[in-house]
Each structure stands twice: as structure tokens, then as C-alpha cells.
Amino acid sequence: MTMSAGLLSAFQEQIALEFSAAYSYLAIASYFEGENLPGFAHWMEVQYREELEHAEKFRRFLLDRGVPVELRAITAPASEFDSPVSAMAQALAGEERVTGAIHELYRSAVAEDDYASLPLLQWFIDEQTEEEASVGALLQAITMAADDPAALLMLDREVAARGG
């Protein structure tokens, strides 16, 4: 199964973006740990591992199609935040960036009649809908709790229960 050079490049960029998202979640987890919010740190570590799985899913897809995988450089993520709210807002912005890139990748695959890519990309579109909803809801909750330390600690305990 062949793939155009342009689409291959876009898939390789997506792999880098997924690794970048993982790295960002790890930085945010470290921030929350430093703020003595271990529940949020745990939540972000689960997200970190999910993003690594996403990068691997794209990498494996390219290998299964017999096309080369070129791992691209990623930049260091932000690691200092003004508040828990700004850290969570960074997470949501990252998810929105990934969603936009996946939508563009889907458009490119359709334009190039690369039907083999569509099931994978549809899975990611569905996944990103869930990811944005989850991070968005947590951003809303942390924003409401931001000025109330007791509420923030209660929310921290609640998100600590997340499996993963």
C-alpha cells in the first residue's frame, strides 16, 4: 500500500504532535505535583500515557502500510504556569491543536482517495471529541474551584480516582 509523500509527511508530523502532547501532559503533571495536587498530577500522567499510545497507533499504522517512519523533533513544552487553571487551559489548548491536525489529516486523506487511512482517522476524531470534552469539563471544574482551596483539594481527590 503506497501513500503520497505529502500524506506521509502529515502522518509523521502527527506522530510528533502526539509525542509533543504527551510531553506537555508530563510537564503539567510535574507542575501539579509541585503544587501538592497529586490527584491532578495522576490525571495528567494518565493523559501522558494515552498520548504515547496515540503516537504508537500512528507509527504502527505507517509500518503496517509498509511506509517509512521518520520521527521528528519535538520542542520542550511549557512547564511553568500561573495557576492550576492556566495549566488546565494549556491542556485543553493542546487537545484542540491535536484535533485540528487530525481533521486536516482526514481532509487530506479524503482528497487523495487514501481510504485505508479513514478508519484510523475516524477513530481519532471520535477520541478527540471525548478528550476535548473531558479536559474541558475539568477546566470548568477547576475554574470554579480556583478561589476556594477546600474545593480545589476536594476536586484533586476526586480526579485521583481516575483509572489508568
Side-chain angles (χ1 to χ4, degrees), residues 8-63 68-106 120-164:
L8 174 58
S9 180
F11 268 97
Q12 291 170 336
E13 280 299 318
Q14 190 65 40
I15 292 170
L17 187 57
E18 298 291 343
F19 278 123
S20 181
Y23 210 29
S24 181
Y25 275 120
L26 189 59
I28 296 168
S30 299
Y31 163 78
F32 280 123
E33 194 70 36
E35 293 295 306
N36 200 24
L37 293 167
F40 285 108
H42 167 74
W43 198 93
M44 292 297 167
E45 289 166 3
V46 172
Q47 287 297 112
Y48 158 75
R49 288 189 295 277
E50 281 187 14
E51 297 302 333
L52 291 177
E53 290 171 9
H54 293 170
E56 177 59 17
K57 196 173 195 109
F58 278 113
R59 189 185 76 85
R60 177 56 43 202
F61 176 75
L62 292 181
L63 291 172
V69 174
E70 174 189 307
L71 297 180
R72 309 240 170 121
I74 60 173
T75 58
S79 59
E80 294 182 17
F81 303 96
D82 295 332
S83 67
V85 171
S86 69
M88 193 60 66
Q90 174 74 24
L92 181 57
E95 289 296 347
E96 290 168 344
R97 189 170 36 258
V98 168
T99 297
I102 290 170
H103 288 179
E104 187 55 40
L105 198 50
Y106 191 95
L120 173 76
L121 295 172
Q122 185 61 57
W123 183 89
F124 273 102
I125 288 169
D126 296 341
E127 175 71 7
Q128 284 306 119
T129 300
E130 293 173 17
E131 293 288 325
E132 283 191 34
S134 175
V135 176
L138 196 49
L139 174 58
Q140 185 177 25
I142 202 170
T143 299
M144 288 188 288
D147 295 329
D148 183 349
L152 188 60
L153 289 175
M154 191 168 62
L155 184 58
D156 184 66
R157 283 191 205 104
E158 184 179 313
V159 297
R162 179 181 186 193

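Formation of a donor-acceptor pair under 3.5 Å by the S134 side chain with backbone atoms of E131 is not found in this model. No donor-acceptor pair under 3.5 Å is formed between the side chain of E95 and the backbone N or O of Q128.
Taking the side chain as every heavy atom from C-beta outward, R60 and L63 approach each other to under 4.5 Å. Annotation: side chain of F81 is not in contact with side chain of E35 (no heavy-atom distance under 4.5 Å). Between L138 and F40 the shortest side-chain heavy-atom distance falls below 4.5 Å. You'll find the side chain of E158 stays beyond 4.5 Å of the side chain of W43, heavy atoms only. You'll find the side chain of Q12 reaches within 4.5 Å of the side chain of L62, heavy atoms only. A heavy-atom distance below 4.5 Å is found between the side chains of H42 and V46.
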Worked verdict on I125 versus T99 for side chain to side chain contact (heavy atoms under 4.5 Å, CB included): CA-CA 7 Å; I125 288 169; T99 297; over 6 Å; no

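Judged as a ring pair (Phe, Tyr, Trp, His ring centres under 6.0 Å), and not counting sequence neighbours, F19 has no contacts.
When all heavy atoms are compared, the tightest approach of A16 to A73 is CB-O, 4.4 Å.
Judged by distance alone, the side chains of E18 and Q14 do bring a donor and an acceptor atom under 3.5 Å apart.
Taking the six-membered ring for Trp and thresholds of 30 and 60 degrees, F124 and F58 have nearly parallel ring planes, at less than 30 degrees apart.
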